[in-house]
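These numbers come from the heavy atoms of this one structure, side chains and all, not from hydrogens, waters or symmetry mates. When a ligand or atom number is given, it counts from 1 through the structure's own listing order.
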Amino acid sequence: MRKTRIALLEKGLQWETTWLDLAKGEQKKPEYLKINPVGKVPALIDDGVVVHDSTIINEYLEDKYPSPPLLPKDPAMRARARSFEDYADAYLAPSLFKILMNLRKPEAERDQEKIREGEREMRDHFAFLDRELNGRQFFAGMLSLGDISFAPPLANYERAGYKIGPEFPHLRAWWERMKSRPSFARSLPPD
Ligand SMILES: N[C@@H](CCC(=O)N[C@@H](CS)C(=O)NCC(=O)O)C(=O)O
């Protein structure tokens with residue numbers, strides 16, 4: 001998943017990716033289920049240690065390779081970084097999914113009400129994130145796992161044709177900062 005590739009790149013780590021064809025169900029084949037019995041990507045194998053779930057992988061990378069840090073030192077700020085990481089997975093991603101799962105369908109089959117609901121939620125998320133960034137370069141003071149977890153869903157909104165409007169100037173500026181980091185372009189999946 002891109003979130004883990006961004007963390008690996010920000011930490012200057014080298015790795016090799018084995019891409020699975022999810023549409024063909026390669027993640028459910030016995031050889032992969034030996035690595036991740038849940039049958040989901042991503043999974044990381046590091047020195048023989050297997051870790052799955054993108055959030056847990058990023059926490060593992062932070063523990064094993066603490067420099068450069070992707071979590072602040074202060075416990076309160078660490079909690080803040082982690083709470084944004086959770087927000088991206090638990091709240092933002094389901095709203096994005098309401099839009100994307102419909103845009104993938106032929107136009108006549110799309111649930112327009114679901115799309116509008118997803119769009120309303122997207123604006124509420126943007127307003128919240130914009131408020132939280134007011135006066136900050138990053139969500140928890142420094143680039144952290146919290147910022148990184150928003151990059152893939154925001155890139156997906158953008159790819160689907162949605163822009164962060166001028167009414168959210170702090171989020172917009174943050175997004176430009178994230179996109180200008182080399183890890184953003186270098187983490188793109190192959191075509
Ligand atoms: N919470 C997990 C979610 C993993 C997940 O849902 N992965 C998707 C791809 S983004 C997957 O493997 N889908 C294939 C499937 O469910 O069979 C994480 O962040 O790693």
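When the options Leu22, Leu20, Val38 are ranked by their closest heavy atom to atom 9 (C) of ligand 1, first place goes to Leu22.
Within the 4.0 Å heavy-atom shell around ligand 1 one does not find Lys3.
Less than 4.0 angstrom separates some heavy atom of Pro42 from each of these atoms of ligand 1: 20 (O). Using a 4.0 Å cut-off to heavy atoms of Met1, the atoms of ligand 1 that qualify are 4 (C), 7 (N), 10 (S), 18 (C), 19 (O), 20 (O). Close approach of ligand 1 to Ser54 (heavy-atom distance below 4.0 Å) involves ligand atoms 18 (C), 19 (O), 20 (O).
Around atom CZ of Arg177, more than 12 heavy atoms belonging to other residues, nucleotides or ligands sit under 6.0 Å away. Around the NZ atom of Lys73, the shell of radius 6.0 Å holds no more than 12 heavy atoms that belong to other residues, nucleotides or ligands.
Atom 11 (C) of ligand 1 has its closest protein heavy atom at Lys40 CD, 3.9 Å. Nearest non-hydrogen protein atom to atom 8 (C) of ligand 1 is Val41 O, 3.9 Å. Taking atom 2 (C) of ligand 1 as the reference point, the nearest protein heavy-atom neighbour is Asp53 OD2, 3.3 Å.
Between Asp111 and Lys114 there is no salt bridge, since no side-chain N of the basic residue sits under 4.0 Å from a carboxylate O of the acidic one.
Atom CD of Gln27 and atom NZ of Lys40 lie 8.0 Å apart (nearest 0.5 Å).
Proximity of Gln27 to ligand 1, defined as any heavy-atom pair under 4.0 Å, is confined to the side chain (atoms from C-beta onward).
In this structure a side-chain-to-backbone donor-acceptor pair under 3.5 Å is present from Asp147 to Ser144.
Here the rule is side-chain hydrogen bond (donor to acceptor under 3.5 Å, both in side chains) with Lys98, and of Glu119, Glu113, Glu117 only Glu117 fits it.
Here's the thing with Asp89: none of its N/O atoms is less than 3.5 angstrom from an N/O atom of ligand 1.
Using modelled atom types and a 3.5 Å distance limit, the side chains of Asn134 and Arg131 yield no donor-acceptor pair.
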